[in-house]
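Reviewing the structure listed below.
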Amino acid sequence: MADLDRSIANLGDKIDELAVQVSALTDTVTRVERSIEQMAEDTKELRALVQSQHEVAQTQAENIRSLSASVAQTIALAQQQQATVDRLLAKN
């Protein structure tokens, strides 16, 4: 009977050890799940930021193209004015 009692006690100890290990594993899984959720949220925020920066870059590119066209027009007008000034000076 003593052997049976000892075996039962050992089995109880093993069950207790297993319960502690399961608890630790559960805590670890919970932390991993929270980390994954945080990474997913961070990824969503990062994607939104990248999209926003892409839109800003496109707008800036459009503004640069428009400004380049304006500068080209300004240069053309300045050349026309210079030609007009040159003709007027040549007549005088």
Residue pairs, two or more places apart or on separate chains, that pass side-chain hydrogen bond (donor to acceptor under 3.5 Å, both in side chains) and touch residues 37-48
Gln38-Asp42

Same cluster or not: Met39 versus Val32, using hydrophobic residues (I, L, V, M, F, W, Y) connected whenever any side-chain heavy atoms lie under 4.5 Å apart?
yes

[atom1] of [X] to [atom2] of [Y]: how many Å apart, nearest 0.5 Å?
X: Gln80; Y: Ile75; atom1: CD; atom2: CD1; result: 12.5 Å
X: Met1; Y: Ile8; atom1: CE; atom2: CD1; result: 7.5 Å
X: Leu49; Y: Gln51; atom1: CG; atom2: CD; result: 10.5 Å
X: Leu18; Y: Asp13; atom1: CG; atom2: CG; result: 12.5 Å
X: Leu77; Y: Ser70; atom1: CG; atom2: OG; result: 10.5 Å

Between the side chain of Thr28 and the main-chain N/O of Ala24, is any donor-acceptor distance below 3.5 Å?
yes

Ignoring hydrogens and geometry beyond distance, is a side-chain donor-acceptor pair present between Gln21 and Glu17 at under 3.5 Å?
no

Any non-hydrogen side-chain atom of Glu62 less than 4.5 Å from a side-chain atom of Arg65?
yes

Can you name the one residue among Asp27, Val22, Val29 that meets side-chain contact (heavy atoms from CB on, under 4.5 Å) with Leu25?
Val29

